[in-house]
Trainee: 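Before anything else, here's the structure in question.
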Number of protein chains: 2
Amino acid sequence: MAITMKDVAEKAGVSIKTVSRVVNNQGEISAETRQRIEAIIAELGYRPNLVARSLITQRTLTIGLIVVDITNPFFAEVARGVQDVARQNGYNVLLCNIDDNLHEQQKALESLAAHSVDGIILFPLEYYDDRLLSFVNQYRPVVLINHLLQHPNVAVVLLDGAHGVQQAVNHLLERGHQEIAMLAGPKPITGRGQRLQGYQTALQGQGLADSANRVIFSIPTQAQGYEQSKQLLSQHPHITAIIAYNDLLAFGVIQACRELNIVIPDQCAIVGFDDIYFSNLVHPALSTVRVNKYEVGQQAMTRLLTMINDPKLTISPIKLGVELIVRESS
Amino acid sequence: MAITMKDVAEKAGVSIKTVSRVVNNQGEISAETRQRIEAIIAELGYRPNLVARSLITQRTLTIGLIVVDITNPFFAEVARGVQDVARQNGYNVLLCNIDDNLHEQQKALESLAAHSVDGIILFPLEYYDDRLLSFVNQYRPVVLINHLLQHPNVAVVLLDGAHGVQQAVNHLLERGHQEIAMLAGPKPITGRGQRLQGYQTALQGQGLADSANRVIFSIPTQAQGYEQSKQLLSQHPHITAIIAYNDLLAFGVIQACRELNIVIPDQCAIVGFDDIYFSNLVHPALSTVRVNKYEVGQQAMTRLLTMINDPKLTISPIKLGVELIVRESS
DNA sequence: TTGAAAGCGCTAACAG
DNA sequence: CTGTTAGCGCTTTCAA
């Protein structure tokens, strides 16, 4: 059994409340008593039990962060941004991976709420889910990244995916590409998703009809990028450029091109999305749309703290800019 | 205010304990009552308050994981292994980054203990720290990764760093390299560290004296790998091979070679350590010592669970094997 | 400047 | 099969 406040109080010959006062730095105590108790605390190695405290204060000093997969450097950087500002503010973070699984997303939300985290940051799967809405109706606060939801209990941090992909497509068009395919990532149950929208808008702007067969949905992993693009490039050799939903997919495209002896960027240009750390190290170095991942995390956590500290505040969405980075693959 | 057990009990016209029984699936209850209460729980959206439960059961169903930096794919994969096993067993994980900061390591340990996590997995910095020992004297259980500490409160998961680097050096020797430098990572305050030891052992085995100036200590990041190897290769042009403490450092070496127009592997061979996901994607593809990172995480969490469930158990260290992967850089 | 008592939401032991 | 009582370790009134 760990040392409790009672142990300290008994040893010091004072009441429990007096110990509580020194632990919490509430003045109203004589310097002499304070020092004596501090000495005993150090001697006994007493550590306040935060779960007992939480039960009263209704605060755990813990927040939850839900991402698809921490192994994807994109999420790792976002997580780092979240954690750094959390730590600076005395918060710890519970991290959950949900992969491509809506059910796990829901379970993670419930589990975090049951643990009484003071708030949740969710990078949701792109599938539509009304359970998210009903969750948010009875839990607060949550910050959603890359997903717009107007609700008093939620704040939103957006990435300008549409604009990013538009830039990428325009860049490819300028280089003379006409047949530009897109590996569009997970297929939303409803709507199109920002990035796909950017792709289609840009093509339409040039009077180029977007034919559906040039858009392929898949889980955004390197393995899928490899599989899908290999098939795509074999079946449609006239394709000269591929835009990927994220860099991992793009890495898969590079791999496929290498195997098919397709020269990058001459025979096939590639543009990714995210600009993860390693995009600059692969060969050829990947052109991509840069997202300031660390800042996304910081912004999300900052907003969450604001909502925690002022329960009735409504926070308007913020949209973070993105930037096309042209390297060797396009 | 959230819905409590009392609310449910009142609405159902039963005692609090009865509600507790259905929540915890303790039999001894009539099917009729159970269903009625379950309906009310669903209707009210009641969620058990785990912090209240923890106060009694002395279990939070939460563990702490402390790593240097989740942004390093090595740690991300380990973390994934930990988290998957944790989740399968109903546990959540609090993740802390400590960078290269012993003070943060200590703070993280204290903070996790204060939050009453059921156990801690620590990937410690390689510096010697007697505070770790005194922490472990009064907290249990902890699992240490890549650090041997004999203590009843700790279990240990080791990587065979010495053997891995030995393999790497021998491989380079077989290819005719005589001047092999090592970017040895963080300098331990005491001892040499496993990987450096492997380096020196292998060289001595060949009668090659290890001259100290071929060993360079630094934080194991790409930036440091770049800086240190650039200087090293400029000052000692006779060096024909470099072993790096981890893949990130090795990426920096690749970068430096590219800038100095040194051809890899002809003029300078490079071997890394970890085999992070991207080592196979950089150019030239990196030869490295593979660690099964996911398994490291799984093993660590499994051991932690064992210790949590049987408080008096002592667990003997496990050493996981490593494997030299020869690619293009050597 | 200090203490006593109540209670956060739940479980555990024991009755009924 | 169900209820009552006590109390986990702490903070928060309110008194002294």
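All chains are named by letter (A, B, ...) in the order of the sequence lines, taking the proteins before the strands, and each is independently numbered beginning at 1. Atom set for the values below is all heavy atoms of this structure, side chains included, hydrogens, waters and symmetry mates excluded. As the structure is a prediction and not an experimental result, all values here were calculated from the model.
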Trainee: Quick one: A:Asn24 CG to D:dT13 P, roughly how many Å, whole number?
Mentor: 14 Å
Trainee: Does A:Gln58 have a side-chain nitrogen or oxygen under 4.0 Å from the phosphate oxygens OP1 or OP2 of C:dG9?
Mentor: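 So the side chain of A:Gln58 is within the cut-off, an N or O lying under 4.0 Å from OP1 or OP2 of C:dG9.
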Trainee: If the cut-off is 4.0 Å, is A:Ser54 near the phosphate of C:dC8, judged by side-chain N/O to OP1 or OP2?
Mentor: no
Trainee: Indicate whether OP1 or OP2 belonging to C:dT2 is found under 4.0 Å from a side-chain N or O atom of A:Thr33.
Mentor: yes
Trainee: Looking only at N and O atoms, is any donor in the side chain of A:Arg21 or the base of C:dT2 less than 3.5 Å from an acceptor on the other one?
Mentor: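 Donor-acceptor pair under 3.5 Å: yes.
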Trainee: Ignoring hydrogens and angles, tell me if any N or O in the side chain of A:Arg140 forms a donor-acceptor pair with the backbone of A:Pro311 under 3.5 Å.
Mentor: yes
Trainee: Quick one: A:His115 NE2 to C:dG9 P, roughly how many Å, whole number?
Mentor: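 For the pair A:His115 NE2 and C:dG9 P, the rounded distance is 18 Å.
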Trainee: So, is B:Thr4 close to the C:dC8 phosphate, meaning a side-chain N or O under 4.0 Å from OP1 or OP2?
Mentor: no
Trainee: Among C:dT2, D:dT11, D:dG7, which nucleotide has an atom closest to any side-chain atom of A:Ser30?
Mentor: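 Of the candidates, C:dT2 comes closest.
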Trainee: Across the strands shown, which category fits A:Leu50 at heavy-atom distances under 4.0 angstrom: base, sugar-phosphate, nothing?
Mentor: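 Nothing, no heavy atom under 4.0 Å.
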Trainee: If the cut-off is 4.0 Å, is A:Asn49 near the phosphate of D:dC8, judged by side-chain N/O to OP1 or OP2?
Mentor: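 Negative; the distance criterion is not met.
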Trainee: Where do B:Tyr46 and B:Thr4 come nearest, in terms of heavy atoms and distance?
Mentor: CE1-C, 3.5 Å
Trainee: Once you apply a heavy-atom cut-off of 4.0 Å, does B:Val14 come out as touching a base, just sugar-phosphate, or nothing?
Mentor: sugar-phosphate
Trainee: Which sits closer to the 5' end of DNA chain D, B:Leu55 or B:Ala31, going by the nucleotide each is nearest to?
Mentor: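 First, find each residue's nearest nucleotide; the 5'-ward one identifies B:Ala31.
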Trainee: Could you identify which residues of residues 35-48 of chain B place a heavy atom less than 4.0 Å from some atom of DNA chain C, listed by residue number, or say none?
Mentor: B:Tyr46, B:Pro48
Trainee: Once you round to the nearest 0.5 Å, how far does CD1 of A:Ile145 lie from CG of A:Leu320?
Mentor: 9.5 Å
Trainee: Using every non-hydrogen atom in the two residues, find where A:His151 and A:Leu133 come nearest and quote the distance to one decimal.
Mentor: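 Looks like CD2-CD1, 4.0 Å.
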Trainee: Which atom pair, heavy atoms only, marks the closest approach of A:Ile70 to A:Asn97?
Mentor: N-OD1, 2.8 Å
Trainee: At less than 4.0 Å, is any side-chain N or O atom of B:Thr18 found next to OP1 or OP2 of D:dG3? Yes or no.
Mentor: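 Indeed, a polar side-chain atom of B:Thr18 lies that close.
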Trainee: Between D:dT12, D:dC10, C:dC10, which nucleotide has the shortest distance from any of its atoms to the side chain of B:Ile16?
Mentor: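 Of D:dT12, D:dC10, C:dC10, C:dC10 is nearest to the side chain of B:Ile16.
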Trainee: Using the side-chain contact (heavy atoms from CB on, under 4.5 Å) definition, which of the options A:Val23, A:Leu61, A:Thr60 pairs with A:Arg53?
Mentor: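 Among the candidates, only A:Val23 passes.
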Trainee: Are the side chain of B:Asn92 and the backbone N or O of B:Thr62 linked by a donor-acceptor pair below 3.5 Å?
Mentor: no
Trainee: Between atom CD1 in A:Ile56 and atom P in C:dG7, what is the gap in whole Å?
Mentor: 12 Å
Trainee: Check this one for me: any side-chain N or O of A:Ser15 less than 4.0 Å away from OP1 or OP2 of C:dT2?
Mentor: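 No.
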Trainee: Looking at residues at least two apart in the chain, or sitting in another chain, which of them share a ring-ring contact (aromatic ring centres under 6.0 Å, His included) with A:Phe74?
Mentor: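 Once residues adjacent in sequence are excluded, the partners of A:Phe74 under the ring-ring contact (aromatic ring centres under 6.0 Å, His included) criterion are A:Phe123.
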Trainee: When you measure from the side chain of A:Lys17, which nucleotide among C:dA4, C:dA13, D:dC8 comes out closest?
Mentor: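 The listed nucleotide nearest to A:Lys17's side chain is C:dA4.
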Trainee: Answer yes or no: does a side-chain N or O of A:Thr57 lie under 4.0 Å from OP1 or OP2 of D:dT11?
Mentor: no
